[in-house]
Each structure stands twice: as C-alpha cells, then as structure tokens.
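Inspection log for the structure reproduced underneath, given as structure tokens.
Counting convention: from 1, in listed order, for ligands and their atoms alike. One is the number of the first residue; the rest follow in order along the sequence. Please read these numbers as outputs of a predicted model, since none were measured by experiment.
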Amino acid sequence: MGQPTNRVFSGVQPTGNLHLGNYLGAIRKFVTLQDSHECIYCVVDLHAVTADLVQKDLKSQTREIAAAFIASGIDPEKHIVFNQSQVREHSELAWLFNCVARMGWLRRMTQFKEKAGKNSEEASVGLFTYPNLMAADILLYRATHVPVGDDQKQHLELTRDIATKFNNDFKERIAEFGHGEEYFPITEPIIDGPATRVMSLRDGSRKMSKSEPSDMSRINLTDSADDIAKKIRKARTDSEPLPESVEDLKGRAEAENLVGIYAALADESPGSVVRQFAGKQFGEFKPALAELAVEKLSPINQEMKRLLDDPAAMDKILANGADRAREIASVTMREVREIFGFLGD
Ligand code: TYM
C-alpha cells in the first residue's frame with residue numbers, strides 16, 4: 001500500500017449528549033469531506049472509558065453516535081463508519097506510541113489538566129495517555145486530514161510530533177523496507193469556519209460540552225423542536241442590539257456565539273448575518289435563530305430516531321465498517337511491527 005494522499009479520519013466519543021458543538025465543529029464537516037476524500041469515521045469507545053470507567057450504556061451510546069453520523073448525511077457504504085474497540089490494532093499501536101511519545105509532551109496537554117481537575121493523582125493513566133490513542137487512531141490509517149473542533153488542536157499537534165519522531169528514529173528501517181522517506185504522514189488538522197468553538201448558551205466563556213450539568217447550556221441532537229426553541233429563547237445575551245459589524249461583537253461573547261451558530265447553520269459568514277440583523281434586538285434575532293436551528297436539526301433528529309429503532313441494523317453497519325477498517329489497519333500494524341523489529345508476524 002502506498003501513502004494515501006487524501007484520507008480523512010475523525011472520531012467522536014460515545015459519552016452521551018451529542019450537541020450542536022459536535023455537529024457544527026465536526027460532524028457537518030465530515031459530511032462535506034465525503035465528496036473529495038476517502039473518509040473513515042469512528043465512534044471512539046476506548047476513549048470513552050478513560051474518564052468514567054463504568055459507562056451506563058456504552059452499546060446504545062455507540063449506536064447513537066453512529067446514527068448521528070448517518071442521519072447527518074455520512075454514507076457508510078462509500079466511506080467507513082465503525083467503533084474503535086472492534087479493531088484491536090488501535091490498542092496495539094497506542095501501546096507502541098506510549099513508547100514513542102515523551103512524558104513532557106503529554107504533561108503539556110491542557111485537556112488532561114481540564115478533565116483531571118485538581119485531583120490529577122486520581123485520574124486514570126488512560127486519561128493521561130489518551131492523546132497517544134488518538135494519534136494511533138489517525139496514523140493507523142495514515143490519514144492525511146483530520147476535521148475537528150478547536151479543542152482538539154493540541155492533540156493533533158501531538159499526533160504530528162509522534163509521526164515525526166517515529167519517522168526520524170526509524171528513518172533507516174523505513175527506507176530499508178521500501179516505505180520511502182516518511183512512513184506516517186504529518187497529518188493536517190481541518191479546523192475552520194464560524195463554529196470551531198461553540199460556546200455554552202448559559203455562559204459565553206465556557207465551551208458547549210457533553211458533560212456540563214445544565215442541559216440548558218447546550219442543544220442536543222436528540223432535542224425536540226420545542227426544546228431547541230426554548231433553549232435559544234432562554235440563552236444568555238446582553239441588552240444591546242446587534243451591531244453593524246463583526247468587529248463590534250468583540251467583548252460580547254454570548255452575542256458572538258449566537259451569531260456564529262446562525263452563520264454556521266445558514267452557511268453564511270458572520271459578517272453577512274450581522275448585516276442582516278444590524279440594529280435588531282435579541283427578541284427578534286432569537287426566534288429567527290430558533291427557526292433556523294429547528295429547520296436544520298429536526299430532520300437529523302427524526303432520522304436518528306428511525307435508525308435507532310433498529311439496533312441490529314446499526315450493529316451490522318458498524319461490524320461491516322470494522323471489517324473494512326481492519327483491512328487497512330492490519331497492513332499498517334504488520335509494517336509497523338516489521339519496522340520496530342519484533343519477531344514473528
Ligand atoms: P469529542 O467526542 O469530545 O468531540 C467530537 C468532536 O466535536 C468537537 N467539539 C466541538 N466543536 C465545536 N464546539 C464545541 N463546543 C465542541 N465540542 C466538541 C471536537 O473538537 C471533536 O472534533 N478526542 C476526540 C475524539 C477522538 C478523535 C480521534 C478525533 C479520538 N480519536 C482521532 C479526531 C481524530 C474527542 O474527545 O472528541
């Protein structure tokens with residue numbers, strides 16, 4: 001197998017409450033990239049057990065993420081949709097990357113600090129080495145592009161560091177086995193558009209998140225039209241009208257967030273949204289945003305429900321995706337084992 005030149009990989013954790021941030025920051029981009037790239041989309045269930053060991057219902061949470069992918073427009077026949085734990089090679093490569101990555105690199109990861117909180121001694125070792133598993137996910141398929149939200153930027157830099165160190169340390173063997181200059185690509189993140197960091201509806205300084213206790217802080221992909229409208233109506237804002245230009249949104253985090261959400265949903269720039277609503281109060285902007293959000297999200301919500309009504313069919317899609325993922329992953333692992341110099345197949 002040669003180096004792929006346009007392969008996309010990305011993953012979403014099955015930890016419940018899939019929200020508008022996940023959709024606008026990631027899943028919607030997954031859909032667009034299907035036309036130009038060979039795409040592999042993964043429900044990262046091994047990552048889901050790093051924070052809370054005992055998950056309430058991992059199987060149904062896994063199906064829910066896969067259903068969200070498909071309901072949003074991902075084609076699991078043309079591209080690959082699967083769950084990580086079905087392809088054992090992810091764990092194997094992650095172990096080897098535990099030996100490539102340096103302690104100092106992982107100590108710098110801000111997500112670990114955020115997730116572990118004050119009591120980092122009590123965090124699992126898996127939470128600490130989480131970014132190595134993420135690098136394994138991507139590099140197992142030698143993916144060239146990874147669409148993600150802004151919060152994953154540092155993890156993707158680590159992935160590039162791991163690929164670079166592996167390529168340098170094993171330079172001679174990589175050449176000896178005929179893999180050219182670089183074995184692993186230096187993956188490009190795709191972090192763009194107006195919604196790379198969707199903020200909480202209750203607090204413009206906090207990211208919209210699956211784990212935030214208040215459900216009013218986020219729009220879930222499973223929310224009804226009424227819930228979506230209510231959450232937008234109650235979203236926190238200031239009392240000023242919308243300004244004439246995007247620059248004037250600076251320092252108004254909540255207003256900036258709602259404009260960004262509108263722009264992303266409408267496929268417009270924040271500038272054009274601001275021009276349409278310049279001088280208008282939130283009392284006018286919010287119903288327009290609610291209508292747009294319902295129009296875009298309701299069909300996804302309904303299709304997710306339809307798909308989840310047949311769990312056996314979802315499981316079949318994931319098993320089929322895993323078989324196809326494994327075909328690629330097993331070749332990489334055979335080559336990586338050869339490069340490391342382990343005895344046996
Ligand atoms: P996860 O499950 O937390 O989030 C899935 C995707 O949603 C994006 N995202 C957001 N984007 C905009 N605004 C927000 N408020 C917001 N919240 C989340 C995330 O950036 C992500 O793209 N570590 C990853 C999962 C992962 C992965 C991978 C991603 C594992 N292996 C390999 C890419 C490639 C994570 O926890 O995502």
query = Who's touching ligand 1 if we go heavy atoms under 4.0 Å?
reply = F9, S10, G11, V12, Q13, H19, G21, N22, G25, A26, V44, H47, Y130, M134, D137, I138, V146, V148, G149, D151, Q152, A195, T196, R197, V198, K207, M208, K210
ask   = Is any side-chain heavy atom of V198 less than 4.5 Å from a side-chain heavy atom of N22?
value = no
key: Residue pair Q34, D75: steps toward the side chain to side chain donor-acceptor pair (under 3.5 Å) verdict   = CA-CA 8 Å; Q34 293 181 110; D75 181 343; over 6 Å; no
key: Parallel, tilted or perpendicular: rings of Y183 and H179 (30°, 60°)   = perpendicular
message = Determine whether E212 and R206 satisfy the following criterion, salt bridge (Lys or Arg N to Asp or Glu O under 4.0 Å), listing intermediate values before the conclusion.
response = CA-CA 10 Å; E212 180 68 37; R206 293 170 68 86; 2.9 Å; yes
request  = Return the orientation label for the Y130 and H155 ring planes: parallel under 30°, perpendicular over 60°, tilted otherwise.
outcome  = tilted
Aromatic ring proximity Y41/F9, centre distance under 6.0 Å = no
